[in-house]
Amino acid sequence: MKKKLNITIEEKMLEKIKQYAESQDRSVSDLVQDHFQSLLQSPTTLPNGLTLVEYMKSLPKSKVEFPADYDWKEEYYKAKAKKWGHEDLL
């Protein structure tokens, strides 16, 4: 069942919205309803129904092990230098 909704909006904005709705062959009410529908959908729910956190936890765990003395910072900067063609500076 549909109900009426009264809103207050700037006149210039309303004219732009009406023009846009007409160009899309839709009503302003349809645009408002679609907007609120998109806001109410959870942005972190994936198409399969899992949240992003649940999905990440379901991924297989990596078996890669790094040495205890692995220098993450140095490797990061080496990769950046290589990406930008400045590996000769390191």
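Side chains are part of it too, since the values below use all heavy atoms of this structure and drop only hydrogens, waters and symmetry mates. Given the structure is predicted, the values throughout are model-derived calculations rather than measurements.
Considering CG of Asp30 and CG of Asp25, their distance stands at 10.0 Å, rounded to 0.5 Å. Once rounded to the nearest 0.5 Å, the distance linking NZ of Lys12 with CD of Glu15 reads 11.5 Å. Atoms OH and NZ, from Tyr20 and Lys16 in turn, are 14.5 Å apart once rounded to the nearest 0.5 Å. Annotation: the span from Ser23 atom OG to Lys18 atom NZ amounts to 14.5 Å, rounded to 0.5 Å.
In the hydrophobic clustering of ILVMFWY residues, with side-chain heavy atoms under 4.5 Å counting as a link, Leu5 and Met13 come out apart.
For Ala21 against Leu31, the heavy-atom pair with the smallest separation is CB-CD1, 3.5 Å.
With respect to Glu54 and Lys57, no salt bridge is recorded, no charged nitrogen being found less than 4.0 Å from a carboxylate O.
Within a 6.0 Å radius of CD in Glu75, other residues, nucleotides and ligands contribute more than 12 heavy atoms. More than 12 non-hydrogen atoms from other residues, nucleotides or ligands lie less than 6.0 angstrom from CG of Asp88.
Residues Lys3 and Met1 are in side-chain contact: their nearest non-hydrogen atoms beyond the backbone lie under 4.5 Å apart. Annotation: side chain of Gln33 is in contact with side chain of Lys2 (closest heavy-atom distance under 4.5 Å). In this structure, the side chains of Ile17 and Ile9 come closer than 4.5 Å at one or more pairs of heavy atoms.
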Which atom pairs, one a donor and one an acceptor, fall under 3.5 Å between side chains of residues 63-73 and the rest of the protein, sequence neighbours left out?
from  : atom 1 : to    : atom 2 : distance (Å)
Asp71 : OD1    : Lys73 : N      : 3.3
Asp71 : OD1    : Glu74 : N      : 3.2

